[in-house]
Amino acid sequence: MTTRLYNFNPGPAALPLEVLEEAKETTVQYGGRGISIMEMSHRSKPVEQLAAVTEQLLLELMGLQQDRYRALFMGGGASAQFAMLPLNFLAEGLAADYILSGSFSEKALQEAQFIGSTRKAASTKDEQWQRTPDVSSLQVKADTAYVHMTTNNTIEGSRFNVFPETGDVPLIADMTSDLLGRDIDYRRFSMIYAGAQKNIGPAGITAVIIRKELLERGSKHIPLIWRYATYANNDSLYNTPPVHALYLTNLVLQWTKRQGGVKQLEAVNRAKAALLYDAIDQSGGFYQGIIAKADRSDMNITWRLADKQLERLFVQESEQYGFEGLAGHRSVGGIRASAYNAVPVEACQALADFMTDFQLRHG
Ligand SMILES: *Cc1c(COP(=O)(O)O)cnc(C)c1O
């Protein structure tokens, strides 16, 4: 067998090796039933059970109570949520406030603009997203349908450390790249969504965590398939969900719990990111961090090399040394290491060592 790479892919991203091994074992036979889960009816007991326990486990890991929140699973990726959210909650006569902190937040706004009135509540676009907007004293008007933010900016490598006070207005977040990666007070949010392929599972499934009272306020004038209430009323089994992706997500969540949960993973993630940020900050300018220090993400660590030629060489050489996925997003260039929950400390240590070594040889 070939050895596994140090996987810093931004998404789809690294999955825990334990989970892959476990999934391999159950691929042909699930629960000793003579068929795999991919071949089972989504109306069967095992699949109903899988949906129910996965919902419970996700809420538990987030520290949310089952009597206040639902966790729903659906296809379409986080991008489908960009449209589904305003379809459900951007009613006429109201406006949705979007906090802009990077390109995914702009995409979320773009879709909402097809549906209803929107406002830019804050933005750091004219600073090339090098920091996240200060939202500590955000003013929320009475006619606001909801406030939307992206808690961690995957492409840019920044994050919010402070979340706005929105009073009775629902605060809604795209947490695709930091859900369960840090210990946020998830109770402050009325709705959270995340494509699974970064921190909680494989591609093909999206988690939507939503307050029950918000569910009831969703539009009744849109097709059933686009209503959150439809997914909630049918325990995510209204139509065929991505069953195998749900199964893998369940395995990742169990793994997350075995690691000690979110608090423990946050500490590990902090240490992992610090290895890379230290290598950047101690390089005497050879490596240059892109994001203002206070707003740096622990999930996506971004930097540049002063010399573009060397930057290309860095990525090329890194591949020879067994590192995967370090080229920055095509829209911004530079280098990006995505060190989600499943990326082991050893991978970050190896990358920090490689950075030092590369500088010695080429600096
Ligand atoms: C990856 C990502 C998306 C896009 O997710 P898809 O599942 O590909 O639609 C949206 N928002 C954030 C913050 C992301 O990191």
Side-chain angles (χ1 to χ4, degrees), residues 7-15 58 71-87 96 98-114 123-125 129 132-133 135 146-161 163 171-182 184 186 189 191-209 226 231 241-242 244-246 248-249 252 269 273 290-291 295-302 325 327-332 336-343:
N7 188 355
F8 290 96
N9 270 328
L15 287 163
L58 179 54
L72 313 173
F73 298 99
M74 54 193 83
S79 301
Q81 297 306 313
F82 295 166
M84 200 165 153
L85 164 66
L87 276 173
Y98 279 74
I99 297 168
L100 300 183
S101 55
S103 41
F104 280 121
S105 64
E106 280 194 305
K107 284 187 160 177
L109 170 62
Q110 189 181 30
E111 295 290 51
Q113 285 169 338
F114 286 107
S123 173
T124 46
K125 186 172 187 161
W129 310 125
T132 50
V135 290
Y146 57 81
V147 176
H148 179 278
M149 69 188 302
T150 311
T151 49
N152 185 82
N153 301 286
T154 322
I155 293 173
E156 294 76 13
S158 68
R159 74 178 191 189
F160 286 87
N161 295 302
F163 306 102
L171 178 60
I172 294 179
D174 176 358
M175 294 199 188
T176 298
S177 53
D178 63 347
L179 182 62
L180 304 187
R182 58 172 166 151
I184 294 172
Y186 295 107
F189 297 84
M191 183 180 131
I192 293 163
Y193 61 91
Q197 69 273 21
K198 283 146 197 177
N199 258 323
I200 65 163
I205 191 161
T206 305
V208 176
I209 300 93
W226 306 130
Y231 290 82
H244 192 249
L246 177 64
L248 284 169
T249 300
V252 174
N269 289 335
I290 295 171
I291 299 300
D295 295 341
R296 283 172 165 179
S297 166
D298 285 349
M299 301 274 89
N300 311 97
I301 296 98
T302 53
H329 190 270
R330 59 188 187 281
S331 64
V332 291
R336 170 177 56 174
S338 297
Y340 301 120
N341 284 352
V343 173

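Residue indices begin at 1 and follow the sequence shown. One-based numbering, in listed order, for ligands and for the atoms of each.
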- Note on the structure: re atom 3 (C) of ligand 1, the protein heavy-atom contact at minimum distance is Phe104 CE2, 3.4 Å
- If we only count N/O pairs under 3.5 Å, is Gly77 in contact with ligand 1? no
- Query: Numbering the atoms of ligand 1 from 1, which are under 4.0 Å from a heavy atom of Gln197?
  - Reply: 5 (O), 6 (P), 7 (O), 8 (O)
- Message: Among all the protein's non-hydrogen atoms, which is closest to atom 5 (O) of ligand 1, and how far away is it?
- Response: Ala78 CB, 3.5 Å
- How are the rings of Phe82 and Phe104 set to each other: parallel, tilted or perpendicular (split at 30° and 60°)? tilted
- Item | Nearest-0.5 Å distance, CG of residue Leu179 to NZ of residue Lys198 | 12.0 Å
- Between Asn269 and Tyr340, a side-chain donor and acceptor under 3.5 Å: no
- Proximal atoms of ligand 1 relative to Thr150 (non-hydrogen, under 4.0 Å): 13 (C)
- Message: Assess, by modelled atom type and distance only, whether the side chains of Ser103 and Glu156 contain a donor and an acceptor separated by less than 3.5 Å.
- Response: yes
- Message: What protein heavy atom lies closest to atom 11 (N) of ligand 1? Include the residue and the distance to one decimal.
- Response: Asp174 OD2, 2.6 Å
- Message: Could you tell me, atom by atom, which parts of ligand 1 come under 4.0 Å of a heavy atom of Lys198?
- Response: 1 (C), 2 (C), 3 (C), 14 (C), 15 (O)
- Query: How far is atom 9 (O) of ligand 1 from its nearest protein heavy atom, and which residue and atom name does that atom have?
  - Reply: Ser79 OG, 2.6 Å
- Note on the structure: So for Tyr193 against ligand 1, with non-hydrogen atoms under 4.0 Å, the contacting part is neither
- Task: Look only at interatomic distance and state if Thr154 has a nitrogen or oxygen under 3.5 Å from any nitrogen or oxygen of ligand 1.
- Result: yes
- Query: Counting N and O atoms only, with roles assigned by atom type, does the side chain of Thr150 sit under 3.5 Å from a partner on the main chain of Asp174, one being a donor and the other an acceptor?
  - Reply: no
- Taken to the nearest 0.5 Å, the spacing of Asn152 CG from Asn199 CG works out to 8.5 Å
- side chain to side chain donor-acceptor pair (under 3.5 Å) with Ser101: which of Thr151, Asp295, Asn153? Asn153
